[in-house]
2 protein chains.
Amino acid sequence: MTTIYQVSELAGVSLSSVSRVMNNHQHVSENTKNKVLAAMEQLDYRPNETARSLASSCSNCIGILVSELHGPFYGDMLSGIESELRAVGKHSIIAAGHSDESSEIEAIRFLIDRNCDALILLVDAVSDDYLINLSKGSTPFALINRQIPELTENCFYLDNKLGGYLATKHLLDQGHREIAYISGPISKQDANERLIGHKNALTEFNLEFNNDLFFEGDFLTKSGQIGIKKLLEGKQKFTALSCANDEMASGAMRGARDFNLDIPADCSIMGFDNAFFTEYLYPQLSTIDYPIKNMAQMATHWILKNVYKKSNLTIENLFTPTLILRESTTSI
Amino acid sequence: MTTIYQVSELAGVSLSSVSRVMNNHQHVSENTKNKVLAAMEQLDYRPNETARSLASSCSNCIGILVSELHGPFYGDMLSGIESELRAVGKHSIIAAGHSDESSEIEAIRFLIDRNCDALILLVDAVSDDYLINLSKGSTPFALINRQIPELTENCFYLDNKLGGYLATKHLLDQGHREIAYISGPISKQDANERLIGHKNALTEFNLEFNNDLFFEGDFLTKSGQIGIKKLLEGKQKFTALSCANDEMASGAMRGARDFNLDIPADCSIMGFDNAFFTEYLYPQLSTIDYPIKNMAQMATHWILKNVYKKSNLTIENLFTPTLILRESTTSI
DNA sequence: ATTTATGTTGAAAGCGCTTTCATTCTTACC
DNA sequence: GGTAAGAATGAAAGCGCTTTCAACATAAAT
């Protein structure tokens, strides 16, 4: 391994000068700079990043924690972060907590121990209080898909309420008046807000929220299938269904087929998230776009700006969902 | 930040002893050990991993490079690796090369510069020669989904030929004799092998490979749709279609619908990979399971065994695909 | 020509650990 | 009781870099 020492020797300058050249310091003469660059080239010198981290107490590394690594969501998020980071010579280390509090906390400590300069967290098992407390520590972090009043700066989240509203509003605009809803776990912030949006849309059309048209799922496919079955077997008829995510919507489509329903003729179905597979479904799923990649990139920029003092982008914390119209919804 | 120095002071022992305790060295008395452990506890000491890496020239970090981060494939792979690694206190840093040779090479250098103890690579833009040459360097690496004769030890790959065979064999067993095939880019090793498997199955049934029943796609959805259109418009009729991956199969399903074909009644369709979304499709796609997660874990174990001298698992390099029967195929 | 500000450089002290080496302390054995 | 082998410990030298500090050189201002 070539070290800075060998470079300095070959270039005939001191270690300090080599270091200055490496770090683009001001006050290095063209002459020295050229000698050093030439020596580096000749030796194919590659700085030891570990040593740099230790000496500068900056690891150029940001830690990413997601609750799960599979599913359609995280790939987009990670690729958004990774490309931004690598473009500026930084990198990410990735951990997955498995949706329970203690393992998420452990994962956060793990990342902090690795001297991450900052963290990007997509977690929901961990409490607000824990995060508020964490924010008093020395490792800055961005929170994706979460909104904590005390930590507004750090939060990058979707206007879920608007998203829920948009979905149901679209159905209403198409003439539907009996609209069922399959929710995610109400204990989760995003699920709850999407439901509120749904209710808001109903209210706008002077419609009452009807509990017989409601089913609480768990965001997984199966619960969409189960949900629509329950709903269909219930006494209350409906002509449209709004689901709190695409997985459940896909489950609901399958469930509808078990009842020989035609989508969208017999029942319009809306999803939420605009996962890539929604285009593969038949019919293609109308949904609400969740710009996760943009959000992840914005979180990255926030870190670039605040931690590394690069990037002068204006930071936005609230993201707007948009309606994606495809084949699974139709007017009545 | 608490350092080893403060621990040693509080415990009343030397730095060396603290280090020994941390690293579970032999020849530390129970007494010293307890004092050190108590001091660590009291100070909530967390070792600086960067410093450890530098001093020991072992980063406990393995680099992962995939060509793309999105898509249905990589999540499974990453979660397989991440969980294995974190269980033994190691971690991964992730880079994405964007399917072109120079950026993949750059990404590999990037990972090596970060002192990764080893690499796991899922790449296809980079040449065999480059990898053979890389293997002479000091950073060991595992190759996933690739087979290089000179590097058999490092390669973890699927028996793609068998997979291609299994898919078409199933169709043949169901009585189909006119079987179309939509391939991935023949320039890619896996696409090529799957095609060979397809041909082998035909041969076994004394059938000729018919070029009118062949379309070369690019592994993306759209090309499946285009492919089946071309095939359907061709002169040669067929009752079944085998696709070299699930994305193209999903595109083909869509294309078939454009022609008002019923799947599987009018045409059976096979996919390949068993991506999670195949269950969301209608009809659910019959496919070939690609045990990517197992393969990634095996690659990780290989590293654990060879680089860190842990794990005494027996390493297997060749993985066997299996037939997954769902709704998109039927007998004639 | 003298002062002042500014640019350029190298020596040396760390960053927080690991690891070698030498030293001291035990234990076992003849 | 003396010796050898082994166990337990600490001092000190790095790992490859960054960064302060002081020294010196140069240019601009008086």
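Within every chain, numbering begins at 1; the chains are lettered A, B, ... in the order of the sequence lines, protein sequences first and strands thereafter.
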**Asked** Could you state the interatomic distance from CD1 (B:I81) to CG (B:D76), rounded to the nearest 0.5 Å?
**Response**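 Output value for this atom pair is 11.0 Å.
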**Request:** Enter the distance from A:N48:CG to A:I4:CD1 here, rounded to the nearest 0.5 Å.
**Result:**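 Taking CG in A:N48 and CD1 in A:I4, the distance rounds to 10.5 Å.
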**Prompt:** For B:Y157, is the NZ or CZ atom of B:R146 found under 6.0 angstrom from the centre of its six-membered ring and inside 45 degrees of the ring axis?
**Reply:**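 No, B:R146 does not sit over the ring of B:Y157.
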**Asked** Does the cation-pi check pass for B:K90 over B:Y308, that is, NZ or CZ under 6.0 Å from the six-membered ring centre and within 45° of its axis?
**Response**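 Relative to the ring axis of B:Y308, which defines the angle, B:K90 lies inside both limits.
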**Request:** Would you kindly check whether a donor in the side chain of A:S16 faces an acceptor in the base of C:dA11, or vice versa, at under 3.5 angstrom?
**Result:**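 By the distance-only test, yes, there is a pair.
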Let me know the distance between [atom1] of [X] and [atom2] of [N], rounded to the nearest Å.
{"X": "A:H25", "N": "C:dT6", "atom1": "NE2", "atom2": "P", "value": "20 Å"}
{"X": "A:H27", "N": "D:dA27", "atom1": "NE2", "atom2": "C1'", "value": "14 Å"}
{"X": "B:I4", "N": "C:dC15", "atom1": "CD1", "atom2": "P", "value": "14 Å"}
{"X": "B:K35", "N": "D:dT9", "atom1": "NZ", "atom2": "C1'", "value": "10 Å"}
{"X": "B:L54", "N": "D:dT18", "atom1": "CG", "atom2": "P", "value": "12 Å"}
{"X": "A:N60", "N": "D:dG16", "atom1": "CG", "atom2": "P", "value": "19 Å"}
{"X": "B:L15", "N": "C:dG16", "atom1": "CG", "atom2": "C1'", "value": "9 Å"}
{"X": "B:N31", "N": "D:dA8", "atom1": "CG", "atom2": "C1'", "value": "11 Å"}

Does [N] have OP1 or OP2 sitting under 4.0 Å from an N or O in the side chain of [X]?
{"X": "A:S57", "N": "C:dC15", "answer": "no"}
{"X": "B:T3", "N": "C:dG16", "answer": "no"}
{"X": "B:N48", "N": "C:dC15", "answer": "no"}
{"X": "B:Y5", "N": "D:dA11", "answer": "no"}

**Request:** Specify the residue among A:V18 and B:R20 whose closest nucleotide of DNA chain D lies further upstream toward the 5′ end.
**Result:**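 Looking at DNA chain D, the more 5' nearest nucleotide goes with B:R20.
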**Request:** Please figure out whether A:P47 or B:T32 has its closest DNA chain D nucleotide nearer the 5' end.
**Result:**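 Of the two residues, B:T32 wins.
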**Message:** Checking contacts here: which listed nucleotide (C:dT19, C:dT9, C:dG10) is nearest the side-chain heavy atoms of A:S29?
**Reply:**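 Looking only at side-chain atoms, A:S29 lies closest to C:dT9.
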**Prompt:** Of the nucleotides D:dT9, C:dC15, C:dC17, which has the atom closest to the B:S17 side chain?
**Reply:**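 Looking only at side-chain atoms, B:S17 lies closest to D:dT9.
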**Request:** Using the ring pair (Phe, Tyr, Trp, His ring centres under 6.0 Å) rule, pick out the option among A:F319, A:F73, A:F156 that qualifies with A:Y290.
**Result:**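 Testing each of A:F319, A:F73, A:F156 against A:Y290, the sole residue satisfying ring pair (Phe, Tyr, Trp, His ring centres under 6.0 Å) is A:F73.
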**Request:** Could you say whether A:E30 or A:A51 is positioned toward the 5' end of DNA chain C, judged by the nucleotide with the nearest heavy atom to each?
**Result:**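 Nearest nucleotide further toward 5': that of A:E30.
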**Residue mapping more 5' on DNA chain C - nearest nucleotide basis, A:S14 or B:S56** =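 Result of the comparison: A:S14.
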